[in-house]
**Q** 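Sharing a structure with you now.
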Amino acid sequence: MASKLALIDCNNFYASCERAFNPKLEGTPIVVLSNNDGCVIARSNEAKALGVLMGEPYFKMRELAKANGIAIYSSNYALYGDMSNRVMRIIGHYSPEQEVYSIDESFIDLSGMSIDLVEYMGKLKKQVRLWTGIPVCVGIGRTKVLAKLANRVAKKYKKFNGVFDIDELSKSRCNSLLKIVDVGDIWGIGAKSKDKLKRLGVNNALAFRGAEKSLIKSTLGVVGLRIQQELLGESCIPLELQRPAKKQIVSSRSFGKPLVSFDEVNQALTCLARKAVNKLAVDSLGCLSMNVFIETSPFSKKQAYVNFSKSIQFANPLHSDRAILPVVSQLLRKIYQDQYQFYKGGIVLTRLTSKGVSRDLFEVVDGLALTAGKASHKSLLGHVISANELGTNRWLSNAEYRSPRYTTQWQELLPVE
DNA sequence: TCTGGGGTCCTAGGACCC
DNA sequence: TCTGGGGTCCTAGGACCC
């Protein structure tokens, strides 16, 4: 049976979330900023039309924002995550097989459905909009790469009303379409690969699809070969129906201010480690190794960019804050140097295992004695935190423009007018 | 003044083994 | 003096995704 997939992609997701809770923003250009209010990570169509670029540092577009009445938001992941769950649940009703690909994208399997798929996906699009306020577009094709491409078309050309099936095109029309798609706009072809291909004269999707296999293999390896096969309509990137087990957990942040004391950096990393430990707990995992890193700003003109990191292997999987947090401080002690202003840092937990029997009492930590931990304190929420998590808080991100967490914090519910 | 965070997969090269 | 080759496992780094 020929496979048939749809990719449902939310339009300007973060910006649309802000708008869903503030209808006055209809027609207003919206920009959402990254964690530290650093750069642009989402733009409404109006903001795109004003020339706001993806990834642009906020300070470079502040004047433009002021002059054009652009609404600015700090990112509000609690809100976006919750909205995503609602959207994904609705999409899940349209097929028995769904892959939630990212916070704002989902593939579903439509193989063997003898109905008008464009009409069917039109219904989905309307329902998501009605129930959540989030606009989506749908691309349909035989493979993931083709569905992605179809989705671009659905987004770009108004006449399709947000739903496009690439298989509805005749062969020659399909070729004309592929010819106007830049090779760098194919899913999986990033900036580096794009440059390599263009140097070889492979400029668009049609040329890529028709290129010699050996050329693709030697230029991009097996990854490129797979993309080419998918463009030809042969599915080789399967739907992932269940989330694959995590292989690593990263918790890192740019600090709100450059940090210049061990204690401040230690506070930051201990708090970040706490977040990582919480993620371990959600999936009932332990880790057999950990990496701690700190770095200076790559943009600073006052000091050279440096990046210090240290890894440690554990004899048994660790999963508790009591076991992990002290090790973070000990590793940091080994890499911290007084003369630098640190601007970012984090921890990476790897070699994850399912937790199994708790062995925390007998944990052996590669030559590092586990200290019993300093006195504990209760946080405002009532759970016990370590002394290292208290401090100046200068590491915390700036989030000057965050909208209320309408859906996840009682105190921030939308008022009834 | 001010430049995100969290992931995955692939490959090359080193260490080690027989 | 002559100094293999194939397999596996691990890690670091590159590239990509949203």
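Just so we're on the same page: letters track the sequence lines, and every chain starts at 1.
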**Q** For the pair A/F342 and A/Y336, name the ring-plane relationship: parallel under 30°, tilted 30 to 60°, perpendicular over 60°.
**A** tilted

**Q** What's A/I189 touching, base or sugar-phosphate or nothing? Going by heavy atoms closer than 4.0 Å.
**A**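 Counting heavy atoms under 4.0 Å across all strands, the contact made by A/I189 is with sugar-phosphate only.
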
**Q** Less than 6.0 angstrom from the centroid, inside 45 degrees of the normal: does A/R394 satisfy that with respect to the ring of A/F255?
**A**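 Ring-cation test returns no.
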
**Q** In terms of side-chain heavy atoms of A/K279, which of B/dG5, B/dT1, B/dG7 is nearest?
**A** B/dG7

**Q** In whole Å, I'd like the distance from the CD atom of A/Q248 to the P atom of B/dG5.
**A** 16 Å

**Q** Quiz question: by atom type and distance under 3.5 Å, do the side chains of A/Q313 and A/R351 form a donor-acceptor pair?
**A**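 Side-chain D/A pair, A/Q313 to A/R351: present.
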
**Q** Identify whether a stacking contact exists between A/Y58 and B/dT3, where the ring centres must be under 5.5 Å apart and the planes under 30° apart.
**A** no

**Q** Whole angstrom is fine here: how far is it from CG in A/L352 over to P in B/dG6?
**A** 15 Å

**Q** If you compare every side-chain N and O of A/Y343 against the phosphate oxygens of B/dG4 (OP1, OP2), does one of them come in below 4.0 Å?
**A** yes

**Q** Ring centroid separation for A/Y340 and A/F308, is it under 6.0 angstrom?
**A** yes

**Q** If only side-chain N and O atoms count, and only distance matters, is there a donor-acceptor pair under 3.5 Å linking A/S329 with A/N266?
**A** yes

**Q** Quick check on the helix from B/dG5-C/dC18 to B/dC18-C/dG5: what's the angle between its two end axes, five base pairs per end, to the nearest 10°?
**A**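 Answer for the end axes of this duplex: 10°.
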
**Q** Using OP1 and OP2 only, check whether a side-chain N or O of A/S254 sits under 4.0 Å from B/dG5.
**A** yes

**Q** From CD1 of A/I103 over to C1' of B/dT8, roughly how many Å is that when rounded to an integer?
**A**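 Rounded to the whole Å, the gap is 17 Å.
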
**Q** Starting at atom CG of A/L269, determine the distance to atom P of B/dG5, rounded to an integer number of angstrom.
**A**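 Going from CG in A/L269 over to P in B/dG5 covers 13 Å.
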
**Q** What is the distance, rounded to the nearest whole Å, between atom CG of A/L285 and atom C1' of B/dG7?
**A** 15 Å

**Q** To the nearest angstrom, how far is A/E105 atom CD from C/dC17 atom P?
**A**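 After rounding, the gap between these two atoms is 11 Å.
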
**Q** Between P on B/dT8 and CG on A/L349, what's the gap in Å once rounded to a whole number?
**A**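 Spelled out: CG on A/L349 to P on B/dT8 is 12 Å.
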
**Q** Between A/S111 and A/D109, do the side chains contain a donor N or O and an acceptor N or O under 3.5 Å apart?
**A**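 Yes, a side-chain donor-acceptor pair sits under 3.5 Å.
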
**Q** What I want to check is whether the side chains of A/N11 and A/S16 have a donor and an acceptor closer together than 3.5 Å.
**A** no

**Q** Could you work out which one of C/dC16, B/dG4, B/dG7 sits closest to the side chain of A/K192?
**A**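 Selected nucleotide (nearest to the side chain): C/dC16.
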
**Q** For the residue pair A/M113 and A/Y120, what are the closest heavy atoms and their distance?
**A**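 In this case the closest contact between A/M113 and A/Y120 is SD-CE2, 3.9 Å.
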
**Q** Could you write out each protein N or O paired with an N or O of nucleotides 9-15 of chain B at a distance under 3.5 Å?
**A**
{"from": "B/dC9", "atom 1": "OP2", "to": "A/K247", "atom 2": "NZ", "distance (Å)": "2.7"}
{"from": "B/dC10", "atom 1": "OP1", "to": "A/R226", "atom 2": "NH1", "distance (Å)": "3.4"}
{"from": "B/dC10", "atom 1": "OP1", "to": "A/R226", "atom 2": "NH2", "distance (Å)": "2.7"}

**Q** Among side-chain atoms of A/N12 and A/K48, is any donor-acceptor pair under 3.5 angstrom?
**A** yes

**Q** Can you tell me how far C1' in C/dC17 sits from the matching atom in B/dG4, rounded to whole Å?
**A** 15 Å

**Q** What's the closest nucleotide to the A/I41 side chain, out of B/dG7, C/dC18, B/dG4?
**A** B/dG4

**Q** Going by atom types alone, do A/S74 and A/D37 pair a side-chain donor with an acceptor below 3.5 Å?
**A**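 Yes, a side-chain donor-acceptor pair sits under 3.5 Å.
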
**Q** Under 4.0 Å between a side-chain N/O of A/S252 and OP1 or OP2 of B/dG6, yes or no?
**A**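 The answer is yes; a side-chain N or O of A/S252 sits under 4.0 Å from OP1 or OP2.
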
**Q** Rounding to a whole Å, what distance do you find between A/R62:CZ and B/dT3:P?
**A** 11 Å

**Q** Should A/K344 be listed as having a side-chain N or O under 4.0 Å from OP1 or OP2 of B/dG5?
**A**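 Yes, A/K344 has a side-chain N/O under 4.0 Å of OP1/OP2 on B/dG5.
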
**Q** May I ask you to evaluate whether A/S75 reaches the phosphate of B/dG4, defined as a side-chain N or O under 4.0 Å from OP1 or OP2?
**A**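 Checking A/S75 against B/dG4: no side-chain N or O falls below 4.0 Å of OP1 or OP2.
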
**Q** When you measure from the side chain of A/D104, which nucleotide among B/dG7, C/dC18, B/dT3 comes out closest?
**A**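 Of the options given, the side chain of A/D104 lies nearest C/dC18.
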
